[in-house]
S.K.: 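Handing you this structure, nothing more for now.
Chain letters run A, B, ... following the sequence lines, proteins first, then strands; residues in each count from 1.
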There are 4 protein chains.
Amino acid sequence: MNLTPFSSAFRNGAGENKHILNTAAGIFAHKGYHQTTVDEIARALGVAKGTIYYHFKNKEELYLAIIREGVYLLEEQMRLDISGAGTAAGKIKKLIRGMLAFIEDKKDLVFLFLKELYGTNIQREDLAKMISASLGLIQAVIEEGVKDGSLKKVDPEITTRSLFGMIIISALHYISYARSIPHAQVRSSIEQVFFEGTVQPDTREE
Amino acid sequence: MNLTPFSSAFRNGAGENKHILNTAAGIFAHKGYHQTTVDEIARALGVAKGTIYYHFKNKEELYLAIIREGVYLLEEQMRLDISGAGTAAGKIKKLIRGMLAFIEDKKDLVFLFLKELYGTNIQREDLAKMISASLGLIQAVIEEGVKDGSLKKVDPEITTRSLFGMIIISALHYISYARSIPHAQVRSSIEQVFFEGTVQPDTREE
Amino acid sequence: MNLTPFSSAFRNGAGENKHILNTAAGIFAHKGYHQTTVDEIARALGVAKGTIYYHFKNKEELYLAIIREGVYLLEEQMRLDISGAGTAAGKIKKLIRGMLAFIEDKKDLVFLFLKELYGTNIQREDLAKMISASLGLIQAVIEEGVKDGSLKKVDPEITTRSLFGMIIISALHYISYARSIPHAQVRSSIEQVFFEGTVQPDTREE
Amino acid sequence: MNLTPFSSAFRNGAGENKHILNTAAGIFAHKGYHQTTVDEIARALGVAKGTIYYHFKNKEELYLAIIREGVYLLEEQMRLDISGAGTAAGKIKKLIRGMLAFIEDKKDLVFLFLKELYGTNIQREDLAKMISASLGLIQAVIEEGVKDGSLKKVDPEITTRSLFGMIIISALHYISYARSIPHAQVRSSIEQVFFEGTVQPDTREE
DNA sequence: GATGAATGAGTATTCATTCAT
DNA sequence: TATGAATGAATACTCATTCAT
């Protein structure tokens, strides 16, 4: 599978650019876009400020390259989780597991693009499109399950966002307190709710 | 209903402070903290810049007052939704409906505090504590349901975050594109997933 | 002896104005003119800011009233020291003693007008004239002593400044370290140098 | 003669830093710290404001660098005056002459550090220590003279301050009126008083 | 390719002063 | 007399960006 254009920043000059991106990502994630100065990134990299401008057009381009990379990597992760054969439910289970691992592994990136996604910063439009495209992967699985009858007749669009919300907010709950995620617990809890629901069959009302 | 101390910023000088907060909230939500200048807020209010500083210590205090107000109002909404008699499931349904309405009504505030909550900005600690306290209200309902047997034995902490994530991310999905939320649809979809799950009983796999 | 115009600020509304002046003097002396805010003075007085403007035209007028009072009081002190009968040397001794006591007693005022005198603040011209007039009192005593032959033929202008410098710098040396002045010691030391000089007669060289 | 570490601000970037310091010193001396804007200094230098901040952390650091330089230069001058062989009286004569010349030459710097020394501004502690150390040079000469019997038994600490006061206040008397110092006259007057005193031997009273 | 000195537009903040009550 | 809310001019400081070397 080829790298999509999203990851372009990482491809050319694979070495230096990637190095800058990784270092900058950590700082941006830690302090936010505006609190992070180009000086600071340069200092962390041990290069002169001008060098950064040699590799990236400006601060915003550098930032966006990082965000795009985050979205790209998340999408890669999702694609990996749902590829291959299996039922919709089976794929979703893999997806939950994979995303939790990804979020913990790439806290910085996840923080950054969530912030962009639901925040009001630069280029939200573009980003929203990118993340929507990624969520399309999940949505396709759900639609597939609904179609083949293995899943109930749910609204795929909303259910996709619900699943994404369950995973991401649960994970962030732990991460934002700098705790590590209790994977098994979170995974089984989300699976139980998402697949089986929370209400006892015999007490169902409505 | 009297305002509790949480809402203190709105009480004293009820008039002017509230006016400043409401106007500023819209601008902050629209442009983000750093893109919003105090000049701009003053202009929007039709007062001199000094007036803002007469009422609030500085830009950050103004911002935090807004965030706190958002959290406070959300908590009020939740409290209202789950008060009174009823089963856990009944309360949760009211909560879903109430929160969706609240999010749409107070987009600006919700945007702002979500950004703070999962972003890396100022005073996340305090804010995280406040929102955690609010989520405690949901958690109590879930624990109550588990205890009285009306809900399955789920992990209350994670399930609370899952429910919160389902609601908030689904709502933001629409709002971030400046679309209005299709309430009935979102509500029933979330309820279905949360209460009944998505998997067809007869196709359940382990 | 009547109050001179210098002290006018203290005369009318003797009560309130004097109260404001005294309080403000301490703050100005402690923090400097520009570091002291009118708000701060008002707070220290327990009145509203507007009240100060009711009593004084503006901040600068208030400040100058204090400075003038300092110069006026110093001059009063000097006048008292050199009044009455006695030799020039006797008067100068009283002057040294009186000035040391005054400086220690009114540190705040002395600080303030020295700062104005040799600093570059507002209205230095006026102030310099005032202090020069005061030093004229000393100069007259020296001239008198030179004339009646009790003092050597010294340049009265420079010798006056020298004497003033000896006293003020010696006193400030102690005060600026927040130590109290060892009066007897300083007095006798200054007297010895000023009257008898420091060189041993038998080792005098040209 | 190499510059000692005291003068570090002038050494590194010898060119630009020194240029900024000299220009700024004149403006600060002329208008005072708070009346001088960074904009003004930049304009006088013909550089952008940012350039000043590139070379100095902030306005205060720039100011203090100037003050330190003044104290340093004065100390150098004193050291030069009292170096070499000679009696205590001879050294003091050279000191008086040297200091008068220095004060007239570096009015700006002397104004500034006197203001700091006896004013109530920033970092007086540090400055007071520095000037005290410098005055230690004079005090050592006086102690030496007392020890070898060429000077009377005076209190070295107070006498040092007295001498310093005589010189500085006499010089400032002329300079503060923008007149030039009548060197010969001031020098001989101070020498006469300091060495021989002012009282006629045959009229001495107790 | 890399540097880092210089830039200058942009902004939060302060505070003396006013004036309607 | 006294107040204190409102003002707005004044200013220190930041930092992304450029460019000569």
S.K.: Using every non-hydrogen atom in the two residues, find where K59(C) and F28(C) come nearest and quote the distance to one decimal.
M.R.: CE-CE2, 4.1 Å
S.K.: What's the CG-P distance between D39(A) and dT14(F), to the nearest Å?
M.R.: 12 Å
S.K.: Ignoring hydrogens, what is the shortest heavy-atom contact between I131(D) and V71(D)? Give both atom names and the distance.
M.R.: N-CG1, 4.3 Å
S.K.: Nearest whole Å is fine: how far is dT14(F) P from H34(A) NE2?
M.R.: 17 Å
S.K.: Please report the interatomic distance CD1(I52(C)) to CG(N58(C)), rounded to the nearest 0.5 Å.
M.R.: 11.5 Å
S.K.: Round to the nearest Å and state the distance from L45(B) atom CG to dG8(F) atom C1'.
M.R.: 16 Å
S.K.: Sticking with atom C1', work out how far dT21(F) lies from dG1(E), rounded to a whole angstrom.
M.R.: 13 Å
S.K.: Suppose we define a pair by two distances each less than 3.5 Å, Watson-Crick or G-U wobble; what does dG4(F) pair with here?
M.R.: dC19(E)
S.K.: For F28(C) and dA16(E), what is the distance between atoms CZ and C1' respectively, to the nearest whole Å?
M.R.: 11 Å
S.K.: Spell out yes or no: do the side chain of K49(C) and the base of dT3(F) have one donor N/O and one acceptor N/O closer than 3.5 Å?
M.R.: no
S.K.: Could you say whether G46(B) or N58(D) is positioned toward the 5' end of DNA chain F, judged by the nucleotide with the nearest heavy atom to each?
M.R.: G46(B)
S.K.: Quick one: which of dT3(F), dT3(E), dT14(F) gets closest to the side chain of V47(A)?
M.R.: dT3(E)
S.K.: Of the nucleotides dA2(F), dA12(F), dG4(E), which one has an atom closest to the side chain of T51(C)?
M.R.: dA2(F)
S.K.: Please compare I52(D) and G50(A) by the position of their nearest nucleotide in DNA chain E and report the one closer to 5'.
M.R.: G50(A)
S.K.: Within the structure shown, what part of the strands sits under 4.0 Å from T37(C) by heavy-atom distance: base, sugar-phosphate, or nothing?
M.R.: sugar-phosphate
S.K.: Using whole Å, report how far CD1 of I41(D) lies from C1' of dA12(F).
M.R.: 11 Å
S.K.: For a side chain to side chain donor-acceptor pair (under 3.5 Å) check, start with the C-alpha distance between H34(D) and Q35(C), then their side-chain angles and the critical distance, and finish with the verdict.
M.R.: CA-CA 9 Å; H34(D) 287 285; Q35(C) 266 55 45; 2.9 Å; yes
S.K.: Reading DNA chain F from 5' onward, which residue's closest nucleotide shows up sooner: T36(D) or A48(B)?
M.R.: A48(B)
S.K.: May I ask you to verify if any side-chain N or O of K59(A) is less than 4.0 angstrom from the OP1 or OP2 atom of dA16(F)?
M.R.: yes
S.K.: So which nucleotide from dA16(E), dT13(E), dA6(E) ends up closest to the side chain of V38(B)?
M.R.: dT13(E)
S.K.: Please state how far atom CG in L62(B) lies from atom P in dT13(E), giving the value in whole angstrom units.
M.R.: 10 Å
S.K.: Does dA9(F) have a Watson-Crick or wobble mate here (both distances under 3.5 Å), and if so which one?
M.R.: dT14(E)
S.K.: Check the distance between dA2(F)'s P and Y54(C)'s OH and give it to me in whole angstrom.
M.R.: 6 Å
S.K.: Stepwise, does the side chain to side chain contact (heavy atoms under 4.5 Å, CB included) test hold for I20(A) with V47(A)?
M.R.: CA-CA 10 Å; I20(A) 293 177; V47(A) 301; over 6 Å; no
S.K.: For dT1(F), take OP1 and OP2 only and decide whether either is under 4.0 Å from a side-chain N or O of H55(C).
M.R.: no
S.K.: Taking all non-hydrogen atoms of both residues into account, name the closest pair between A24(B) and L62(B) and its distance.
M.R.: CB-CD2, 4.1 Å
S.K.: Using whole Å, what does the distance between atom C1' of nucleotide dA16(E) and atom CD of E60(C) come to?
M.R.: 12 Å
